[in-house]
Amino acid sequence: MFVTSLKWKFDAESIRGTPRTQGVFGLWDDDRIVYIGATARSVFLPDALGELLGLKRRGIIQATHFTWEITITPRSWAGELLRLHFNKHGALPLYNQPANALRLQDDAATPVNVRLP
């Protein structure tokens with residue numbers, strides 16, 4: 001689904017290598033995408049991913065890898081990726097579903113509201 005197919009291990013060292021720019025990202029639990037997110041205004045990819053890594057360390061979420069893409073329109077591109085995922089799988093990724101651990105947290109990863117068919 002993401003243009004970049006390279007998955008990075010979801011740890012602090014890999015996050016440090018992520019460019020300081022806006023974009024979209026996916027969290028993966030092995031081979032299953034569990035979250036599609038977008039950077040908030042004035043937040044960069046490493047900051048958003050670092051917030052999510054903190055949730056993983058506290059046992060709130062489970063993810064093994066991440067992917068990312070640079071875009072100047074992160075919210076709209078994340079919305080499109082969510083629509084594509086829904087159309088293909090019939091459901092949103094686990095942590096994009098209503099009333100889940102990520103949507104209840106106030107973090108740098110902006111939840112994207114999507115209207116689905």
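Computation of the quantities below employed the complete heavy-atom set of this structure, encompassing side-chain atoms and omitting hydrogens, waters and symmetry-equivalent molecules.
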S.K.: Tell me every residue that passes side chain to side chain donor-acceptor pair (under 3.5 Å) with Thr73, counting only those two or more places apart in sequence or in another chain.
M.R.: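 Per chain and number, Thr73 pairs via side chain to side chain donor-acceptor pair (under 3.5 Å) with Thr71, Ser76.
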S.K.: Could you grab the distance from atom CZ of Phe86 to atom CG of Leu81, nearest 0.5 Å is fine?
M.R.: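 The CG atom of Leu81 is 15.5 Å from CZ of Phe86, to the nearest 0.5 Å.
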S.K.: Within the 4.5 Å heavy-atom criterion, are His85 and Pro93 side-chain neighbours or not?
M.R.: yes
S.K.: Does the distance from a Lys or Arg side-chain N to an Asp or Glu carboxylate O, for Glu80 and Arg83, drop under 4.0 Å?
M.R.: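 Yes.
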S.K.: Report the residues that fulfil salt bridge (charged side-chain N to carboxylate O under 4.0 Å, His left out) with Arg20, sequence neighbours left out, ordered by chain and then residue number.
M.R.: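 Partners of Arg20 by the salt bridge (charged side-chain N to carboxylate O under 4.0 Å, His left out) criterion, ordered by chain and then number, come out as Asp47.
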S.K.: What distance do His65 atom NE2 and Asp11 atom CG have between them, rounded to the nearest 0.5 Å?
M.R.: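 One gets 9.0 Å once the value is rounded to the nearest 0.5 Å.
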S.K.: Specify the closest pair of heavy atoms between Gly37 and Ala78, including all atoms of both residues, with the distance to one decimal.
M.R.: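 That would be O-CB, 4.1 Å.
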S.K.: Give, for atom OG1 of Thr21 and atom CH2 of Trp68, the distance between the pair rounded to the nearest 0.5 Å.
M.R.: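 Nearest 0.5 Å value for the OG1-CH2 distance: 9.0 Å.
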S.K.: Between CZ of Phe25 and CD1 of Ile36, what distance do you get to the nearest 0.5 Å?
M.R.: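 Rounded to the nearest 0.5 Å, the CZ-CD1 separation comes out at 10.5 Å.
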S.K.: To check you understand the geometry: which heavy-atom pair defines the closest contact between Gln22 and Ser42, and what is its length?
M.R.: NE2-N, 3.2 Å
S.K.: Rounded to the nearest 0.5 Å, what separates atom NZ in Lys56 from atom CG in Asp29?
M.R.: 8.5 Å
S.K.: Tell me every residue that passes side chain to side chain contact (heavy atoms under 4.5 Å, CB included) with Leu94, counting only those two or more places apart in sequence or in another chain.
M.R.: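 Leu94 satisfies side chain to side chain contact (heavy atoms under 4.5 Å, CB included) with Arg32, Val34 only.
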S.K.: Could I get the full list of side chain to side chain donor-acceptor pair (under 3.5 Å) partners for Thr18, not counting sequence neighbours?
M.R.: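 If we apply the side chain to side chain donor-acceptor pair (under 3.5 Å) test to Thr18, skipping adjacent residues, there are no hits.
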S.K.: Is there a side-chain contact between Phe44 and Thr39, using heavy atoms and a 4.5 Å cut-off?
M.R.: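 No. Closest side-chain heavy atoms not under 4.5 Å.
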S.K.: Compare all side-chain heavy atoms of Ile72 with those of Trp77 and state whether any distance is below 4.5 angstrom.
M.R.: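 Ile72 vs Trp77: side chains apart.
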S.K.: State, yes or no, whether a side-chain contact exists between Lys7 and Asp31 at a heavy-atom distance under 4.5 Å.
M.R.: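 In contact.
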S.K.: When you look at Thr67 and Trp28, which way does the side-chain hydrogen bond (donor to acceptor under 3.5 Å, both in side chains) test go after all the steps?
M.R.: CA-CA 8 Å; Thr67 53; Trp28 298 78; 3.1 Å; yes
S.K.: Mark yes or no for whether Tyr95, through its side chain, and Leu27, through its backbone, hold a donor-acceptor pair below 3.5 Å.
M.R.: no
S.K.: Report the relative orientation of the aromatic rings in Phe66 and Phe10; use parallel for angles under 30°, tilted for 30 to 60°, perpendicular for over 60°.
M.R.: perpendicular
S.K.: Testing the basics here: between Pro19 and Ile70, what is the closest heavy-atom pair and its distance to 0.1 Å?
M.R.: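 Residues Pro19 and Ile70, closest heavy atoms: CG-CD1, 4.1 Å.
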S.K.: First locate atom CG of Leu49, then atom CD1 of Ile15, and finally report the distance between them rounded to the nearest 0.5 Å.
M.R.: 5.0 Å
S.K.: List for me each residue that meets salt bridge (charged side-chain N to carboxylate O under 4.0 Å, His left out) alongside Asp30, sequence neighbours excluded, and say none if there are none.
M.R.: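 Scan of Asp30 (salt bridge (charged side-chain N to carboxylate O under 4.0 Å, His left out), adjacent residues dropped) gives none.
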